[in-house]
Amino acid sequence: MAERWATFGMDLHLDPSGPGLRRGLTDALREAVRGGRLAPGTRLPSSRSLAADLGIARNTVADAYADLIAEGWLTARQGSGTRVAERPVPARPAAPTPRRAPGPLPYSLMPGIPDLASFPRAEWLRATRRALAAAPHDAFGYGDPRGRPELREALAGYLSRVRGVRADPEHVVVCSGFAHGLQLLSGVLRARGARTLAVESYGLDVHWDLVHRAGLRTVPLDRDALGTRAEDPGDADAVLLNPAHQFPLGGALRPERRAAVVEWARRTGGLILEDDYDGEFRYDRQPVGALQDLDPGRVVYLGTASKALAPGLRLGWMVVPPWLLPDVVDHGGGRTVGVVEQLALAEFLTSGAYDRQVRAARLRYRRRRDALVRALADGAPHVRVTGIAAGLHAVLQLPPGTEQSVQRSATWQGLLVKGLGYFRHPGVTDPVGDALVVGYATPPDHAWAGTLDALLRALP
C-alpha cells in the first residue's frame with residue numbers, strides 16, 4: 001500500500017483545521033476555491049488519493065467533496081472526476097491603460113547575431129538523445145567545476161584541429177558564454193591585484209561594463225591605418241583582443257603585432273585575453289589561427305557556440321594557462337552550464353555535426369555577404385564596404401557627419417541597425433569616422449530581400 005500511495009494520484013496542498021476532520025477539510029477546500037488558488041475547471045485528486053495523502057479515512061474526503069458539490073463549489077461527472085465548478089469572476093476595477101511601448105522594427109541588421117532560424121533543431125535533438133543514452137549516472141551529479149570531461153575533451157580536439165589552439169582537456173573550462181568567461185577572468189585579475197585592462201578602441205560596452213563591475217578600469221589601445229596597436233599596452237595588467245577578426249571594424253591583428261603583444265606579456269607578466277568570437281567564419285582565405293598558439297602560458301583563449309549554433313544555448317569555453325587555472329575554478333566555471341547541454345555539444349562535436357553546421361553556415365553567410373556587396377554596388381555605389389573578409393557583419397563607410405541621419409532614416413524604413421559610434425570606447429580621442437555596422441547574418445531568409453531594400457532606402 002505504501003508503494004502505491006507514493007505513485008498514484010496528484011498532489012494538492014491543504015491544511016485542514018477546525019473542530020473536526022470533515023469540517024476542517026471542507027473549509028480548507030472552500031477557501032482554496034474562493035481565494036482563487038484552485039481555479040475553475042481544476043481537477044481534484046480522487047477521494048482515495050487525497051485520503052492517503054492526508055492520512056485520513058476515504059469516507060471523510062468523499063463526504064467533504066459531497067458537501068461542496070451540494071454548495072456549488074465543486075462538480076462531479078462520471079469519467080471526469082471531481083473539478084472546481086465554473087463560476088462568474090467578479091470584474092476588477094479597470095486599470096489605467098499603459099502606454100504601449102513601440103514594437104520591434106520589422107527588419108534587423110544588428111551585428112553579432114546569427115540567423116536564429118537556421119539553428120539545426122533536428123541534429124541537436126538527435127545529439128541530445130544520443131548523449132543522454134550514453135551518459136553515466138554520475139553525469140547528473142555536481143561534477144567537475146571545469147565542466148563535463150566529455151565536452152572538455154571534445155573541445156580540446158576541435159580547437160586544436162580547427163583553430164590551432166594548444167589545448168589540454170585539463171585546462172579547458174566550460175562557461176555560459178563569452179560574457180561569463182570575461183566576468184570570471186576580470187574577477188580573478190582583480191583578486192590578483194590587477195587594476196587595468198587594455199581593450200580595443202571599438203567593441204561592446206556590455207563587456208567593458210562587466211570589467212568595470214569587477215573593479216578594473218578599461219583603457220583603449222591606439223589604432224593606425226594597419227589596425228590595433230597592441231604591441232605596447234602601457235601600464236595595463238592585461239589586454240583583451242580579437243586577434244582573428246576585430247569587432248566591429250574587421251581585420252586581423254598583424255603578425256608582427258601578435259608577436260609584439262606576446263613579448264610584452266612575457267616581459268611584464270601580463271595576460272592576454274583572446275576573444276575568438278567568430279574565428280571559423282573566414283571567406284576569402286584560410287582562417288587566421290589563434291594567438292594562443294604563440295604562448296599558451298600567457299594567453300587565455302575564449303570561444304563560444306553563439307555564432308555557429310545560437311547564443312541562447314549559453315555555451316562557451318576557456319583554455320586557461322595552468323598557473324591561472326585554480327583561481328578560475330575557484331571563481332566559478334562549468335557548473336553554470338546545464339549538463340544536458342554540455343553532453344549534447346560534446347556529441348555534436350565528436351559526431352562531426354558541428355563541422356557540418358559551421359561549413360553550411362559559412363556558405364550561407366558568404367552568399368549573404370556577396371548579395372550585400374552586389375546590392376550596394378548597384379544601389380549605393382558611393383558607399384564603401386570594409387571588413388568583409390570574415391565574420392557575420394560588414395562596415396559601410398558613410399560621408400562625414402551623416403551617421404546619425406542615416407540611422408534615423410533606417411528607423412523610418414523599419415530597419416534596426418547600429419552606427420559605428422555606438423561601439424566606440426569613451427576614451428577614444430581619434431575616431432575612425434562615420435559608418436554603419438551591418439550584421440548580414442541576422443535576418444531570416446524570408447526577410448533578407450526586404451531588409452536589403454530597407455537598407456538601400458536609408459542610405460544617402
Side-chain angles (χ1 to χ4, degrees), residues 107-131 150-151 154-165 177-178 242 244-245 247-248 250 252 275-290 302-317 340-375 385 387-394 438-452:
Y107 303 116
S108 175
L109 288 171
M110 285 294 290
I113 304 173
D115 177 6
L116 302 178
S118 67
F119 178 74
R121 300 179 189 225
E123 282 279 8
W124 186 258
L125 182 59
R126 284 192 287 269
T128 302
R129 285 173 172 163
R130 290 194 298 266
E150 298 94 335
L151 179 55
L155 283 169
Y158 176 81
L159 296 173
S160 175
R161 171 171 58 85
V162 174
R163 302 297 300 129
V165 175
F178 171 78
N242 308 132
H245 186 226
F247 181 87
D275 178 10
D276 194 32
Y277 67 102
D278 65 356
E280 295 121 326
F281 294 100
R282 194 129 199 124
Y283 308 119
D284 298 327
R285 58 188 173 91
Q286 285 296 313
V288 178
L302 298 101
T304 79
S306 296
K307 306 300 182 288
L309 291 173
L313 293 177
R314 309 306 305 152
L315 284 166
W317 46 85
V340 175
E341 289 79 8
Q342 293 189 54
L343 293 171
L345 181 58
E347 171 66 23
F348 219 68
L349 286 162
T350 55
S351 69
Y354 195 86
D355 283 272
R356 292 191 295 273
Q357 169 67 12
V358 168
R359 294 175 74 86
R362 188 187 298 141
L363 178 60
R364 180 168 59 255
Y365 296 146
R366 177 169 182 165
R367 288 171 176 164
R368 290 273 189 94
R369 182 205 66 170
D370 293 347
L372 171 67
V373 172
R374 286 194 303 269
V385 188
I388 60 173
L392 309 182
H393 69 275
V438 171
Y440 51 79
T442 307
D445 286 341
H446 72 269
W448 175 234
T451 305
L452 272 183

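In plain terms, the two heavy atoms of E347 and A131 that are nearest each other are CB-CB, 4.2 Å. Looking at every heavy atom in both residues, A244 comes nearest to A252 through O-CB, 3.5 Å. Contact record, Y365 with S118: OH-OG, 4.1 Å, taken as the closest heavy-atom pair. Between A308 and Y354, the shortest heavy-atom contact is CB-OH, 3.4 Å. Taking every heavy atom of both residues into account, F348 and P120 meet most closely at CZ-CG, 3.8 Å. The heavy-atom pair separating W448 from P443 by the smallest distance is CE3-CG, 3.9 Å.
Note: L349 CG to L151 CG = 7.0 Å, rounded to the nearest 0.5 Å. Rounding to the nearest 0.5 Å places CZ of R366 at 14.0 Å from CZ of F281. For the atom pair CH2 (W317) and CG (L345), the distance works out to 6.0 Å, reported to the nearest 0.5 Å. For the atom pair NE2 (H245) and NE2 (H393), the distance works out to 4.5 Å, reported to the nearest 0.5 Å. For the atom pair OG (S351) and CZ (R130), the distance works out to 5.0 Å, reported to the nearest 0.5 Å. Here D276 contributes atom CG and L159 contributes atom CG; the two are 8.5 Å apart, rounded to the nearest 0.5 Å.
Residues T442 and T451 fail the side-chain proximity criterion, which asks for heavy atoms closer than 4.5 Å. In this structure, P311 and L116 have side chains that are in contact, with non-hydrogen atoms separated by less than 4.5 Å.
For CZ of R356, the number of neighbouring non-hydrogen atoms (other residues, nucleotides, ligands) closer than 6.0 Å is greater than 12.
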> Is there a side-chain contact (heavy atoms from CB on, under 4.5 Å) between L309 and L315 once you walk through the steps?
Replying inline: CA-CA 10 Å; L309 291 173; L315 284 166; 5.6 Å; no
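Ring orientation note: the planes of F247 and Y277 are nearly perpendicular, at an angle over 60° on the 30°/60° scale.
Between the S160 side chain and the A156 main chain, no donor and acceptor come within less than 3.5 Å of each other. Side-chain N or O atoms of R282 include none that pairs as donor or acceptor with a backbone N or O of V288 at under 3.5 Å.
A salt bridge links D445 to R368: one of the charged nitrogens lies within less than 4.0 Å of a carboxylate oxygen.
Partners of T350 under the side chain to side chain donor-acceptor pair (under 3.5 Å) rule, at least two apart in sequence or in another chain, do not exist in this structure. Residues satisfying the side chain to side chain donor-acceptor pair (under 3.5 Å) test with D355, not counting sequence neighbours, are R161.
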